[in-house]
Each structure stands twice: as C-alpha cells, then as structure tokens.
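Take a look at the structure below.
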Amino acid sequence: MKTRIFHIVKFIAFSFLFSWFSTSCTERIDIDLDETYTRLVVDGQITTDTTSHFVKLTKTADYFSNKPAEPVTGASVSINSFSLQESDSVPGLYLTDPNVYGIIGETYTLTIDNVDIDNNGENEFYTASSKIKTIAEGDSIDVVYREITDEVQFWEIQLYAQDPPEDNYYLFKVYINDTLVTDTVDEYVTQDDQLFNGNYVPGAFVQSLSPDKPDEVLEKGDVVTLEANGITQDYYKFIIELNSETGGSNPLFSGPPANVRSNIEGGNGAVGYFSAYSVRRLSKTITNVYKKP
Amino acid sequence: MKNIKILPWLILSLLIFNVSLYAEGEEDNLVTLSGYIKDAETGEELIGANVYIAGKSKGTTTNVYGFYSISLNPGKYTFVFSFVGYQPRRQTINLTKNKTLNIELAPREKQIKEIVVKGEKPDENVVRNQMSYEKIKVKKLSELPTFLGETDIIKSIQLLPGVQTISEGSSGYSVRGGSQDQNLVLLDEATVYNISHFLGFFSVFNNDAIKNAELYKGDIPARYGTRLASVLDIRMKDGNSKKFAGTGGIGNISSRLTLEGPIIKDKTSFLVSGRRTYFDLFIPLIPEEDIQGNKIYFYDLNAKLNHKINENNRIYLSGYFGQDKFKNDFSDIGYGNRTVTIRWNHLYSERLFSNVTLVNSKYNYSLASPEDEAWSYKWDSKLIDYCGKIDFTWYLNPSHTVRFGLSSCHHTFDPGRIKGTGEESLFTNFKIPNKHTLEHGLYISNEQNMTNQLTLKYGLRLSVFQNIGKGTHYNYNQNYNVTDSTYYEKGEIYNTYIGIEPRLGIKYQINNRSSVKASYSRTRQHIQLAQNSTAGTPLDIWFPASPNVKPQICDQFALGYFRNFFNNQLETSVEAYYKDMKHTIDFKDHASLLLNPKLEGELRFGDSYSYGIEFMSDLNTNIVNGRLSYTYSRTKRIIPAIQEDPFNAPYDRPHNISLVMSYNFSPRTVLSANWTYKTGQPVTFPTGRFEYDGVIVPVYSDRNDYRLSDYHRLDLSLTIKSKDKPGKKWKGEWNFSIYNAYARKNTWAISFVQDENNPDITYAEKTYLFSIIPSITYNFKF
C-alpha cells in the first residue's frame with residue numbers, strides 16, 4: 001500500500017493545489033536542451049507463459065527528436081540456451097520460439113552480441129540476468145463500480161488471495177475478453193506486501209478500469225481477467241522509478257529527477273530492463289456491470 | 001583549517017583570564033544604573049533600546065526582556081534613553097550608589113516635512129557589535145504589499161539580502177546557502193518546527209502579536225545553537241499592562257483579532273491573539289454536492305499571561321496552538337503545532353540577569369482516507385520536545401558583558417504509524433519505531449570593549465547529542481543495505497556526539513559613521529528534515545543524528561564594512577562571507593522517504609560550500625523609507641555517491657536584487673512597492689530519451705545543471721488610515737495590494753510531457769502559480 005498511499009497523497013496535493021489556486025496555469029514552451037551520447041535500449045522479458053518471449057532493441061535519441069526510436073538490427077540475442085530470431089516484419093524485435101516457457105526459481109541470462117552502438121568499429125557485448133520469483137495461486141476476483149464524485153468513477157478490481165510469507169512484489173494488469181487493456185507501463189499497478197505480508201487479502205483494490213477510456217468500458221457478459229506477475233524487487237523498483245520519471249513532476253512532492261535504473265551491463269552502458277517473472281490469472285464474467293461495493 | 005583547532009583554546013583562555021580578573025566585580029568601585037525601558041502607552045518592554053551617556057561613546061542596550069544595566073565610576077552623568085520611533089529622554093543623575101531607574105518612552109508622532117529629530121542614536125548599523133544581522137521592522141509590515149491580504153513576516157524576510165527562497169509561495173527560506181531546515185526559528189524561546197500553513201503559502205506568525213524579530217545570518221552569538229545557518233528570534237508582545245486594547249483585521253483569506261490588557265495594572269497582563277481562515281464557512285452555501293463535506297482551514301492562537309512578582313522577578317506563561325486541515329472525499333489531512341512555555345526572569349543583582357525557560361512542544365500531522373473500506377487507513381506522525389534552559393547575562397562592567405547558560409532537550413521522533421480503519425481492514429498495523437534523543441548545550445561568551453574603537457566578542461559553545469533508547473539501530477553495509485539491527489532498552493544511551501563551537505567577532509569603529517567588522521563562527525546541527533522535494537511539504541519528517549548520521553558542521557567567515565550617511569538616515573553595508581560545511585546530507589536518486597524505517601539507507605553524505613557578497617542600503621526618513629539590496633552568492637554540494645562532480649545546491653541562485661519602498665505622501669496614506677529579481681533556480685533536465693513498453697523515458701543531465709528562467713515580480717500597495725479624531729478609540733486602515741503587478745508568469749515547475757495524440761512527440765510545459773492577484777485588507781486598533 002505504500003505506493004498507493006504515495007500516489008494518493010500526490011493526487012490529493014495536485015487536486016487541492018490546482019483547484020484552490022485557480023490562477024495557476026500551464027502552457028507549452030520551447031526549451032533548448034543539450035545532447036547526450038547514444039546508448040542501447042533493451043526492453044525484454046521471459047515469463048512462465050508458453051509463448052514467444054521478446055527482446056526489443058532500440059537506441060536512445062535526443063530528447064526532442066520526436067521520431068519513433070531507431071531499432072538495432074542484426075544483433076545476436078539469446079536467453080540462456082534459447083536463441084532469438086529477429087522478426088521479419090518489425091526490425092529490432094527479437095523473438096524466441098513459441099514453445100518456450102520460464103520456470104519458477106530459475107535464473108535467466110540475456111546476452112546481446114554483434115552490436116556497435118557508438119559506431120567505432122568495435123563489437124559490444126551486453127548481458128543481464130533475472131530470476132523468476134514464486135507467486136501465490138489466488139482465489140478469485142470481484143469487480144465493483146465505485147462512485148467517488150460525479151467526475152471520479154471507476155471499476156475496482158478486488159483480489160482475494162493469501163499472500164505468501166516471504167517478501168513478494170507484484171505487478172497487476174487487466175484484460176477484457178483476452179485483450180490487454182492496461183497496455184502501457186504507466187497503467188500497471190505495482191504492489192509490495194510490506195503492509196499485509198503473510199495475511200489473507202480480502203478484496204484488496206489492485207487495479208481499476210475507467211469509464212472514460214473507450215477500451216476499458218465494461219459491458220454485460222465481458223470477461224475481466226486480472227493478471228498478477230511475481231516480480232523481483234529490482235524490477236519493482238525499476239517500474240516505480242520509470243513511472244515517477246514519466247508521470248510529471250511537482251515541486252511539492254518530487255525529488256530532483258534522476259535516471260531510471262537498469263540491469264543491463266556491459267558495452268557502453270545501456271538503459272532499459274530485462275525482466276523474468278511468473279504469471280497467474282484469475283477471471284470473472286461480468287453479470288452486473290454497475291455492481292455496488 | 002588547522003588554525004581552527006587552536007581557536008577554542010585561545011577563546012577559553014581569554015574567557016578565563018578576563019572573567020577571573022573582573023570576577024571581584026562586586027568589590028570594584030563601580031556603581032550600577034539598571035532597570036527596564038518600556039513603552040509609555042502600552043507598558044511593553046522595549047527590546048534593543050539604547051542607554052548612553054551624552055557626549056561619550058559608552059552605552060548599552062536593553063536585552064530581550066527590556067532590561068539594561070550600566071556600571072560606571074561614581075559621578076554625575078547625563079543619560080539619554082532612546083529607541084527608534086520614540087521620543088528620547090534625557091536624565092542627569094548623580095550616581096553615587098547602585099540605582100534602579102525604569103524609564104517609559106512615548107511614541108513619536110509622525111511628522112511630515114521634518115527631518116529626523118536630533119538627539120537620537122540610530123547609528124546601530126555601524127556601532128552595533130554584531131554583523132550579518134537584520135532587525136525586522138515589525139510595525140511597518142502592515143503598510144507593505146500583502147499576499148492574498150496576509151501580512152507575513154516570513155515573506156518580508158525572504159526579501160532580505162542573503163536570504164533565498166526555494167519556490168514561489170513557499171514559506172521556506174535559505175540563508176547564505178544553507179537549506180531550509182538549517183534555520184532556527186524561535187517564538188519566545190521555543191523552537192518552531194513547521195513555520196507554514198497551507199502547504200507553505202502562509203506562515204504561522206500572526207504579525208499583530210509580534211513585538212520584535214531579528215535574523216542572524218552569521219556571526220551567531222554563542223547562546224544560540226542547534227541549527228547550522230541562521231537564527232530567527234521572534235518575541236511576542238507581552239500584553240498591554242496599562243489598558244485594554246485590541247488589534248485585528250479582515251483579509252481575503254483570514255481574519256485576525258488580538259486582545260490584550262492588564263489584569264492588575266502594571267503588574268499582570270494578558271494577550272490573546274487568534275487568526276482563522278473563513279473561506280470554509282461559505283462551503284455549505286455552495287450548491288455543488290461534492291464540495292459539501294469539504295473542510296479547508298487553518299488557525300493560529302497565541303495566548304500569554306505575564307506577571308511581575310516583584311522588581312526582581314517576572315513570570316511568563318505562553319502557548320501557541322495552530323492547525324491546518326484539508327478534508328474532502330478522498331482524504332483528511334491535518335497538521336499542527338502546539339507549544340507551551342513557562343519563563344521566569346530573575347535579577348540576582350543589578351548586574352546579573354537570568355532567565356529560565358521550560359518548553360513542551362508537539363508538532364504532528366496526519367493523513368487519512370475515507371473510512372470503512374478494506375483499504376482505509378490513517379497515518380500519523382509527530383515530534384515531541386521537552387526542553388529546559390537557563391541563560392545568564394552578567395553586566396560585569398562597561399567593558400565586559402558576559403553571557404553563559406545551559407540548555408537541555410529531550411526529543412521524541414515518531415516518524416509514522418499507519419493503521420487500517422476499515423472494519424475488515426487488510427492492513428497489519430505498521431509502525432516505524434520511535435527515536436529518542438537528548439540534546440544539550442553549554443556556553444559562555446564575553447563582549448569586550450578593548451578600546452573606544454575596538455570591540456572583541458568571543459565565546460564557546462559545547463554541544464552534546466545523545467541517542468537514547470528505546471530505539472532500534474540499523475547497521476548498513478557499503479551498498480546501503482541493512483545488515484543487522486540492535487534494539488536498545490528505554491533509557492539506554494547508545495551514541496554520543498560532543499563538539500565545540502567557537503564564536504568570534506571583531507568590530508573596529510573607524511569613526512562615528514563607519515566601521516569594519518569580521519567574524520568566525522562554527523555551528524553544529526543534529527536534527528534535519530527528510531525533505532527531498534523542491535518546495536517542501538508538511539509531510540516531511542525530522543530525523544536525528546545517529547551512529548550512521550554524523551552531525552552537520554559549518555564554519556563561516558564573514559567580513560563587512562558598514563557606513564552611514566546623512567546623519568544616519570542612510571545606512572549602508574557590504575558583507576562578504578564564505579561557509580564550509582561538512583557531513584552535508586542529501587538523498588539518493590529516487591529516495592523513498594515516506595514511511596521508511598530504514599530511512600538512513602536513503603541518505604548520502606558529502607560536503608558543501610557557499611560564498612557570497614551582500615550589498616545593502618537602507619533609507620529612513622519620515623517621508624520615504626526604502627531598502628535596496630543586491631546579493632551575489634553561490635552554493636555547491638559535493639556528494640560522491642550521487643555524482644562525481646560538484647553540483648549546484650537547490651538554493652544556488654547567483655543574483656538576487658530586492659527593492660522595498662514606502663512613501664508617506666500624506667499623514668494618512670502610504671504607498672509601497674517591492675520589486676524582487678532572482679536568478680532562476682537550478683533544475684535537472686533531460687538530454688536524451690528512450691522508449692520502453694509504450695512510454696518515452698528521459699535520460700538526464702548532471703544534477704541541477706540547468707536553470708529555470710529568472711524570477712522577478714513587482715508588488716504594490718496603498719494604505720489609507722482613518723482620520724484621527726480626538727476621543728475616538730477605534731482606528732482603522734485599508735490596505736489595497738496587488739501581488740505580481742505586471743503579471744509575470746514566473747515558472748514554478750517545468751514538466752516534460754508525452755503528446756497524447758502522437759506518442760512519439762514530447763514537449764516541455766511550464767506551470768506558473770500566480771498571475772496578478774489583488775487583495776484588500778482592513779486592519780483596526782482600539
């Protein structure tokens with residue numbers, strides 16, 4: 001709950017500040033920024049699902065370059081003994097065979113070879129490791145509709161599960177009828193178990209769907225699936241730092257901006273993350289769309 | 001710095017030599033004139049009033065309780081008693097034995113078209129044995145432009161040379177490169193931990209109840225300790241001991257009322273001063289249902305009772321109670337201060353004045369969510385102090401004034417406890433363990449007039465800090481991870497830090513219009529704010545030194561030239577300073593400070609330094625008052641764990657110009673303006689970007705390598721006073737202010753945002769808080 005509280009606190013402060021001082025305003029401005037050297041960007045993962053796992057390789061760019069990221073092609077990419085092939089349709093996207101799955105408790109190491117990001121003619125070699133953590137089975141989920149005010153209303157997804165006794169870190173995502181609707185990292189919910197470690201969790205608010213987003217509107221008969229990922233502490237901190245650096249800053253609550261961590265080593269320094277995590281899903285078919293809490 | 005180590009021994013030997021030489025002061029053939037100087041209309045003791053001998057350079061000033069003592073060879077002298085804003089009084093006395101003389105001074109009426117009455121001695125700028133000092137003109141504050149109708153002493157401090165603000169609207173300030181938590185703020189001897197209301201936009205001080213306020217930016221006297229950078233010593237009025245009176249006002253945001261009066265004339269008096277916002281009283285009238293249950297208010301209440309037991313004993317009882325509350329459907333945030341103080345002044349003899357203070361203070365805040373859900377919670381945190389101190393001033397003889405004293409404080413830090421408030425809460429009650437500490441101080445100092453021109457001040461302060469159980473201490477390894485922990489029982493002392501703080505000041509009076517002053521002071525600090533945000537919030541917590549966190553230390557050197565012109569109507573000074581600070585505390589990237597029992601693992605240590613030059617000119621005539629100051633200053637931090645190269649501290653704003661002017665263009669109207677200009681504050685900006693899982697992530701420059709745009713703003717005000725009719729008790733005045741008169745959109749924050757419609761595009765957005773804000777205040781006195 002620590003993160004949730006922090007987010008709520010930030011949200012309250014934002015809303016108070018910006019509603020009570022109505023003379024404050026925001027406007028777009030032009031700023032000149034310096035440039036920095038190009039680095040490799042890694043966005044990759046392996047999970048316990050049986051599927052094609054991906055590693056996406058791109059390059060960093062100047063802050064106002066305002067173009068899609070440049071892909072890194074022709075690299076040699078492997079995860080443990082599985083080698084990844086570059087996709088024909090999407091340059092820079094490397095995929096395993098579709099029958100690969102990760103095992104809980106195993107450590108997976110990503111290696112990237114045959115790249116030369118700084119174009120100096122020398123080969124660069126990058127590596128990263130992550131271990132797949134355990135995750136609880138979970139009992140069930142429930143979906144209720146909450147009306148806080150006229151403007152603030154949402155579907156609350158509640159989880160019923162027993163939290164295991166060790167330190168666990170979770171990521172929660174939501175699917176509607178098998179389509180992932182929380183599809184960008186800022187829509188994931190991170191959670192540690194510090195405040196309820198080892199307890200039975202009776203309907204904790206873990207994710208939400210907003211009636212303001214067309215892809216999140218629920219209708220009768222929809223199947224809502226909550227996906228929980230058992231992640232490492234380092235990946236958990238990565239996601240929090242990522243959201244903190246992409247979520248907008250406020251002099252009242254933000255510390256000075258700082259670079260997001262990375263677990264990629266080697267070469268000229270890379271950014272991004274290679275994660276390995278376990279997956280559990282719980283589903284519910286919606287019969288009462290506006291069920292009261 | 002090797003020379004610095006010799007200094008305490010040098011000072012100690014000077015003290016021992018001089019004090020023992022004159023210790024038989026009672027048997028020398030000097031006679032003492034002593035007493036209290038008060039305002040003839042209200043009976044308020046005057047702080048810093050002058051007592052001097054006509055035609056000679058000998059003199060003294062009243063202390064913070066209005067007491068003076070001057071010892072001379074027996075003889076006939078003409079004494080002049082004076083204070084700025086009052087008619088001076090002369091009295092010729094044939095002084096053959098010790099004499100008590102209490103004086104009442106009458107306020108001087110403002111007279112237009114006349115220059116300052118001669119016979120005064122307003123040359124304090126030059127003559128005062130103190131540098132790096134500002135005396136705030138408390139009475140003039142209500143004539144200056146206000147922010148949302150509130151006269152605010154902190155906002156006027158933010159306009160002084162050497163003082164920087166961090167972010168617009170915030171009540172925090174930085175003095176000579178120090179951080180916000182390095183300022184000691186005292187209200188009648190009690191430490192104030194949180195000086196702001198409403199997230200920093202207003203301070204907790206009700207100007208109507210303040211008698212005196214002084215700021216020490218350096219050359220800090222030995223009697224003050226516990227904070228590194230500055231001391232703001234605020235004294236409240238004691239309460240009119242002659243007649244019942246009141247002051248008050250109504251502003252855009254809040255209303256104030258102060259009532260004071262005698263219970264027994266000239267012996268016992270009281271003062272009650274309150275202020276409250278009233279916006280929330282209109283909430284039930286607003287039709288929108290969502291706002292109905294909202295509460296948003298703050299209040300301050302100061303209450304004082306003083307009693308003069310006899311000529312040698314006075315006792316004061318005071319309390320301060322303040323609270324902020326924000327409540328809406330999501331949350332219930334509250335925070336407040338409560339302080340209760342008892343003081344006893346005792347005169348052991350005409351030359352030995354003492355004061356004993358006992359204080360209990362509590363600063364707390366809480367945050368709660370709506371109840372009855374599985375995820376409802378309440379989180380609260382507090383800081384509780386019990387302190388006692390004794391201060392002596394020994395007016396040995398005209399050349400030596402010795403001060404010594406002792407203080408001791410017990411602090412309890414309760415950094416946070418969170419509990420579920422729902423019926424079926426999923427929370428385990430979570431509490432960060434309390435910490436307890438003891439902080440002691442012992443000091444002795446002497447102010448010695450060596451010759452007519454040279455004055456030397458020297459003092460030593462011994463500060464002791466202890467961590468005491470019950471408490472849990474965590475040990476960390478090289479990677480800042482906890483390796484083990486130790487639990488200490490109640491009362492067990494598990495760490496002690498002892499340090500010496502030498503204080504040294506020299507003044508050389510060139511002539512009666514100019515002087516040169518130099519000073520060195522070392523300060524130590526054991527308690528700091530875990531505050532990582534630029535502006536600071538009330539949810540920041542104070543945390544103490546420990547075996548893992550060493551005391552912060554600062555050495556400050558300052559040199560200044562002081563010159564007055566036009567019969568002291570124009571005071572000018574230029575001061576240069578250099579500060580070297582050790583064990584500076586900063587926070588790691590993405591530090592997690594809220595509800596973290598392992599907070600010490602988020603800290604990173606290093607050094608910092610700052611230097612600057614301050615130019616000040618202050619004009620005081622009956623018609624025009626003004627002050628123009630310019631400061632150039634730099635502050636840097638060197639924290640290897642954050643980055644290799646030194647980086648700009650958050651308060652590093654090289655150029656700072658401020659102009660404050662008041663023009664009395666008729667006996668009843670005052671036109672005021674202030675204009676302030678500051679270099680933009682340092683910020684960290686992105687220099688690159690990458691994509692990860694659908695979002696654009698910035699890659700940043702070195703910390704604080706960029707700056708926001710420069711800040712400048714003009715405020716104007718017009719004060720109109722009601723006609724003074726004879727026999728009419730009620731006096732009113734209207735103040736019309738305009739904040740940010742030319743509506744400059746000063747940047748408050750810059751964010752970098754991903755375009756909603758085109759995810760590849762990022763752009764920069766500037767948020768500014770205030771455009772032009774007019775306000776009206778009505779002030780009254782009866």
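Chain letters run A, B, ... following the sequence lines, proteins first and then strands; every chain starts at 1. These numbers come from the heavy atoms of this one structure, side chains and all, not from hydrogens, waters or symmetry mates.
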Problem - Within-4.5 Å side-chain heavy-atom neighbours: T687(B) and L33(A) - result: no

Problem - Y188(A) vs D693(B) side-chain heavy atoms within contact, under 4.5 Å - result: yes

Problem - Residue pair T246(A) / P698(B): nearest heavy atoms and the distance that separates them - result: CG2-CD, 4.3 Å

Exercise for the section: Let me know if Y706(B) has heavy atoms under 4.5 Å from chain A in its side chain, its backbone, both or neither. Expected result: side chain

Fill in the blank from the handout: From the list N758(B), I642(B), T747(B), V695(B), the residue making the most non-hydrogen contacts under 4.5 Å with chain A is V695(B)

Fill in the blank from the handout: Given D589(B), V753(B), T684(B), the one with more heavy-atom pairs under 4.5 angstrom with chain A than any other is T684(B)

Exercise for the section: Give, as side chain, backbone, both or neither, the part of F238(A) having an atom under 4.5 angstrom from any heavy atom of chain B. Expected result: side chain

Exercise for the section: Check whether more than 12 heavy atoms from other residues, nucleotides or ligands sit under 6.0 Å from atom NZ of K431(B), and answer yes or no. Expected result: yes

Practice task
Would you mind checking which part of V699(B) comes under 4.5 Å of any heavy atom in chain A, side chain (CB onward), backbone (N, CA, C, O), both or neither?
Solution key: both

Problem - Toward chain B, the part of D32(A) with a non-hydrogen atom under 4.5 Å - result: backbone

Practice task
Would you please name every residue forming a side-chain hydrogen bond (donor to acceptor under 3.5 Å, both in side chains) with K213(A), sequence neighbours left out?
Solution key: E187(A)

Problem - Region of D183(A) that comes under 4.5 Å of a non-hydrogen atom in chain B - result: backbone

Exercise for the section: Provide the closest heavy-atom pair for V41(A) versus E691(B) in the form atom of the first, atom of the second, distance. Expected result: CG1-O, 3.6 Å

Practice task
Report the distance from atom NZ of K56(A) to atom OH of Y692(B), rounding to the nearest 0.5 Å.
Solution key: 11.0 Å

Problem - Minimum heavy-atom distance between N66(A) and I761(B), given as atom pair plus value - result: OD1-CA, 3.5 Å

Exercise for the section: Identify which of T762(B), D755(B), V697(B) forms the greatest number of heavy-atom pairs closer than 4.5 Å to chain A. Expected result: T762(B)

Practice task
Tell me, please, which residues at least two apart from D705(B) pass side-chain hydrogen bond (donor to acceptor under 3.5 Å, both in side chains).
Solution key: none

Problem - Greater than 12 external heavy atoms within 6.0 Å of N481(B)'s CG - result: yes

Completion exercise
Correct closest heavy-atom pair for R689(B) and Y63(A) would be CD-O, 3.2 Å

Completion exercise
Looking only at T60(A), V185(A), N259(A), D62(A), the option with the highest number of non-hydrogen pairs under 4.5 Å against chain B is N259(A)

Completion exercise
Result for side chain to side chain donor-acceptor pair (under 3.5 Å) between H590(B) and one of K237(A), R261(A), E245(A) points to E245(A)

Completion exercise
So, the part of A591(B) with a heavy atom under 4.5 Å from chain A: the answer is neither

Handout entry: Proximal component of I29(A), with respect to chain B [non-hydrogen, under 4.5 Å]
Key = both

Practice task
Check whether K745(B) gets within reach of chain A through its side chain, its backbone, both or neither, counting any heavy atom under 4.5 Å.
Solution key: side chain

Completion exercise
dist F690(B):CZ -> T38(A):OG1 (nearest 0.5 Å) comes out at 14.0 Å

